[in-house]
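Scroll down for the structure; my scribbles are underneath it.
First the proteins, then the strands, lettered A, B, ... as listed; each starts at 1.
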Amino acid sequence: MSDAADTGKLSREDRLYRIRHSTAHVMAEAVLREFPEAKIAIGPPIENGFYYDFDLPRSLTPDDLEKIEAHMRDIVAEKHPFEKTVISRDEARSQFSNQPYKLELLDAIPEGEEVSLYTVDSFVDLCRGPHVENTKEIHAKAFRLLNIAGAYWRGDEKRPMLQRIYGTAWESPKELRAHLDHLAEVEKRDHRKLGRELDLYSTHEEAGSGLIYWHPKGARIRLAIEEYWRKQHAAGGYEILYTPHVGKSWLWETSGHLDFYSEGMYPSMEMDNAEYYAKPMNCPFHILIYKTSMRSYRELPLRWAELGTVYRYERSGVLHGLLRVRGFTQDDAHIFCAPSQVEDEIHTVLKFSLDMLGAFGFTDIKAYLATRPEKSVGEEKDWNTAIESLRKAVEAAGLAYEVDEGGGAFYGPKIDLKLKDALGREWQMSTVQFDFNLPERFDMTFVDSDGREKRPFMVHRALLGSLERFFGVLIEHYGGAFPVWLAPVQAVVIPVAPAFDEYARTVKNALAETGIRVDADLRDSRMNAKIRDAQHQKIPYMLVVGGREEDERAVSIRMRTGDKKDGIALDEAVAFIGEKIRKREDI
RNA sequence: GCCAGGAUAGCUCAGCGGUAGAGCAGCUCACUCGUAAUGAGCAGGUCGUGGGUUCAAUUCCCACUUCUGGCUCCA
């Protein structure tokens, strides 16, 4: 038996699925050729490829990968069929008596479901399939083994650590080439690399890892982001708050963080016989402000935002550039409103989020709606109101969305927005999250129109997520070539020779007066070298000036794209760049 | 935290038992140039930290710190 059924009519996705899944099996056989005593675990197809986990007598080296790949090419060339057999559990148990991981997987197959084996050459695997019919459908030049990594059996850190081999597989060598090129592009855009090359930020292990130092150029970008953010928030009816970085244990006991989140917090510091903690979240502080006076329904909704820097303990192994850090600034806000206002508020906040992300060039956005989990707090009717308002809001926004049943936090349902960057990678940025826990814990109330005290709804939301992570994603999205309005240096004036330094200064001042971030490159080096440096720094506009320009009070504009505009009057150039900035165009 | 691999000049990397090398960047000098690198010279490193083995350690061994790729988690 094989998976012959009309393979010619399969979608590309299905064909790739079979190829990748089958290539994983071929790899497992190749590994067994090299290590006959290997214990095999699982080997599924994944996005762009596949992996297989093994328990091996020793650690793999890159040389092993080459050998395994060579075996794989042999197996593929030998044109073995993939044969499916349906067997009983007992038969399967004896078949895999030497393979403890397979036995465990076997036990996990629900009673009544068929147990199938796939055989290719000498390799038999417990597997649901489907597979290609024959290894000849795997193109010997369209797969590659990529890397070795440790992975816990079943993702559980209490279970054995296995060795995982990742590979990529495609229908044709051309597709493989394209994918490898894509990986090279990803590497080229790596924010850690660009962060150093463009002098944007650094980290200092001596001073603590996972903590970000924003250099002048990085800070210019951050300022541009924050400025836009504040302007939009003011227009959106938000008030800005500033709150402390530390709070006494009372605060975190009341909020419940010490009970449920302490492993994510920096340890305490003692002062005046009290324990202080660096804040992992801003919410308790905003609540304290809320509680400084009696709140009337007439005041609601209150929309309070803060660029609040929080500190969280992250395990050393997970830290990653700007994307995973221990200190970061959330673009946090809390909305306190009456139950009747929830729907409008959610609708508005979601639209706000899309507008904000859109301004930074992110328009491909998907929503994930997470509903009530088993263990949770709050009233059933409040959860339903909240979930309904979230659902209506995504639908009204015309967003594609998925529902993660039971995936919400214990304190409330949420919507996460994931965006796709220029390379098609998905990142989670925005989150809109209800909280039925904190209003209770802090006994928050408002006086309703009927004169009774009632509990307000509380919504946490972050649009950009954190400035650090957002910056990291932004760097990679633009590959360091920021749109003019964000570029740390928007224009650089380059004299063709030192004789024109004076005019270069004049040009620089003319731009700087209108608020354009401009430098004049007056170093003692040749114009060609200056242009090359400016290109590498991805500066949007290079204003080249020499005798011709000085005579006419003009400039020659060279864009970082290589386009050129000669003999542009200085006033016109200033207006042109100013317009690009105002319209937030790329260049 | 766990598995694996790294850590050599500001950056990118070579050297792998006899105490260090290149390119770029930096500095100095010369050159005064029209859209992606002008040339020459100089300077720069207790080879991540601490132990051990050895006549001798950047090189071999151990521990630690940290980075990278994953696992897990997440803004």
* Asked: In whole angstrom, what separates A/Asp533's CG from B/C11's P?
  -> 18 Å
* Asked: If you look at every strand shown and take non-hydrogen atoms under 4.0 Å, does A/Gly546 touch a base, only sugar-phosphate, or nothing?
  -> base
* For A/Val310, report the nucleic acid contact type (base, sugar-phosphate, nothing); a contact means any heavy atom under 4.0 Å. => nothing
* Which nucleotide in the list B/A75, B/C67, B/G1 gets nearest to the side chain of A/Ser209? -> B/C67
* Is there a Watson-Crick or G-U wobble partner for B/A25 with both distances under 3.5 Å, and which nucleotide is it? -> none
* Spell out, as yes or no, whether a donor-acceptor pair under 3.5 Å connects the side chain of A/Glu69 to the backbone of A/Leu145. => yes
* **Gap between atom CZ of A/Arg315 and atom CZ of A/Arg324 - 0.5 Å precision** => 9.5 Å
* Asked: Under a 3.5 Å cut-off for both distances, is B/C60 Watson-Crick or wobble paired, and to whom?
  -> B/G52
* Asked: Once the angle between the rings of A/Phe410 and A/Phe260 is folded into 0 to 90°, is it parallel (under 30°), tilted (30 to 60°) or perpendicular (over 60°)?
  -> tilted
* Of the candidate nucleotides B/G69, B/U35, B/A75, which contains the atom at the shortest distance from the side chain of A/Met527? -> B/U35
* Asked: Can a donor-acceptor pair under 3.5 Å be found between the side-chain atoms of A/Glu314 and the base atoms of B/A75?
  -> yes
* Asked: Has A/Arg526 got a side-chain N or O lying under 4.0 Å from the OP1 or OP2 atom of B/U38?
  -> yes
* Salt-bridge contact A/Arg159-A/Glu104 (side-chain N to carboxylate O under 4.0 Å) -> yes
* Asked: Heavy atoms under 4.0 Å, any strand shown: does A/Ala497 hit a base, just sugar-phosphate, or nothing?
  -> nothing
* For the pair A/Tyr201 and A/His191, name the ring-plane relationship: parallel under 30°, tilted 30 to 60°, perpendicular over 60°. => parallel
* Quick one: does A/Glu263 reach the base of B/G1 with a side-chain donor-acceptor pair under 3.5 Å? -> no
* Structure fact -> A/His536 has its side chain closest, among B/A36, B/A75, B/A37, to B/A36
* Tell me which nucleotide among B/G34, B/U35, B/G69 gets nearest to the side chain of A/Glu549. => B/G34
* Does a side-chain N or O from A/Thr431 land closer than 4.0 Å to OP1 or OP2 of B/A75, or not? -> no
* B/C24 P sits how many Å from A/Arg196 CZ, rounded? -> 19 Å
* Does NZ or CZ of A/Lys538 fall inside the cone over A/Tyr478's six-membered ring, less than 6.0 Å from its centre and within 45° of the axis? -> no
* Rounded interatomic separation in angstrom, taking CD1 from A/Ile165 and P from B/A4 -> 15 Å
* Asked: So, A/Tyr166 and B/G70: ring centres less than 5.5 Å apart, planes less than 30° off, yes or no?
  -> no
* How long is the line joining OH of A/Tyr311 and C1' of B/C74, in whole Å? -> 18 Å
* Among the candidates B/U38, B/C74, B/U35, find the nucleotide nearest to the side-chain atoms of A/Asp566. => B/U35
* **Side-chain-base donor-acceptor pair under 3.5 Å for A/Arg469 and B/C74** => yes
* To do: Using a cut-off of strictly less than 4.0 Å, decide whether A/His320 has a side-chain nitrogen or oxygen near OP1 or OP2 of B/G69.
  => yes
* Among B/A75, B/C2, B/G34, which is the nearest nucleotide to the side chain of A/Met161? -> B/C2
* Can you check the A/Leu322 CG to B/C67 P distance for me, whole Å? -> 13 Å
* Asked: Taking the six-membered ring for Trp, are A/His182 and A/His179 parallel (under 30°), tilted (30 to 60°) or perpendicular (over 60°)?
  -> parallel
* Heavy atoms under 4.0 Å, any strand shown: does A/Arg315 hit a base, just sugar-phosphate, or nothing? -> base
* To do: Look at the side chain of A/Asp524 and the base of B/C31, then say whether one donor and one acceptor between them are separated by less than 3.5 Å.
  => yes
* Asked: Quick one: on RNA chain B, does A/Ala499 or A/Ser556 contact a more 5' nucleotide (nearest heavy atom)?
  -> A/Ala499
* Sugar-phosphate only, base, or nothing, as touched by A/Tyr51 at under 4.0 Å among non-hydrogen atoms -> nothing
* Is A/Arg192 near enough to B/C11 that one of its side-chain N or O atoms lies under 4.0 angstrom from OP1 or OP2? -> no
* Asked: Hey, does the side-chain of A/Tyr152 have a donor or acceptor N/O within less than 3.5 Å of a partner on the base of B/G1?
  -> yes
* Donor/acceptor link under 3.5 angstrom from A/Arg326 side chain onto base of B/A75 -> no
* Asked: Which part of the nucleic acid, if any, lies within reach of A/Met542 when heavy atoms closer than 4.0 Å are counted: base, sugar-phosphate only, or nothing?
  -> nothing
* To do: Give A/Gly150 one of three labels, base, sugar-phosphate or nothing, depending on what nucleic acid heavy atoms sit under 4.0 Å from its own.
  => base
* Measure the distance from CZ on A/Phe54 to P on B/G70 and round it to the nearest whole Å. => 18 Å
* To do: With a 3.5 angstrom cut-off on both distances, give the Watson-Crick or G-U wobble partner of B/G45, or none if there isn't one.
  => none
* To do: With heavy atoms under 4.0 Å as the rule, sort A/Leu319 into base, sugar-phosphate or nothing.
  => sugar-phosphate
* Which word best sums up how the rings of A/Phe336 and A/His334 line up, parallel for under 30°, tilted for 30 to 60°, or perpendicular for over 60°? -> parallel
* For A/Gly264, which contact category applies under a 4.0 Å heavy-atom criterion: base, sugar-phosphate, or nothing? -> nothing
* Asked: A/Arg324 near the nucleic acid: base, sugar-phosphate alone, or nothing, with a heavy-atom cut-off under 4.0 Å?
  -> base
* Structure fact -> Taking B/C71, B/G69, B/U72 as options, the one with an atom nearest any side-chain atom of A/Glu157 is B/U72
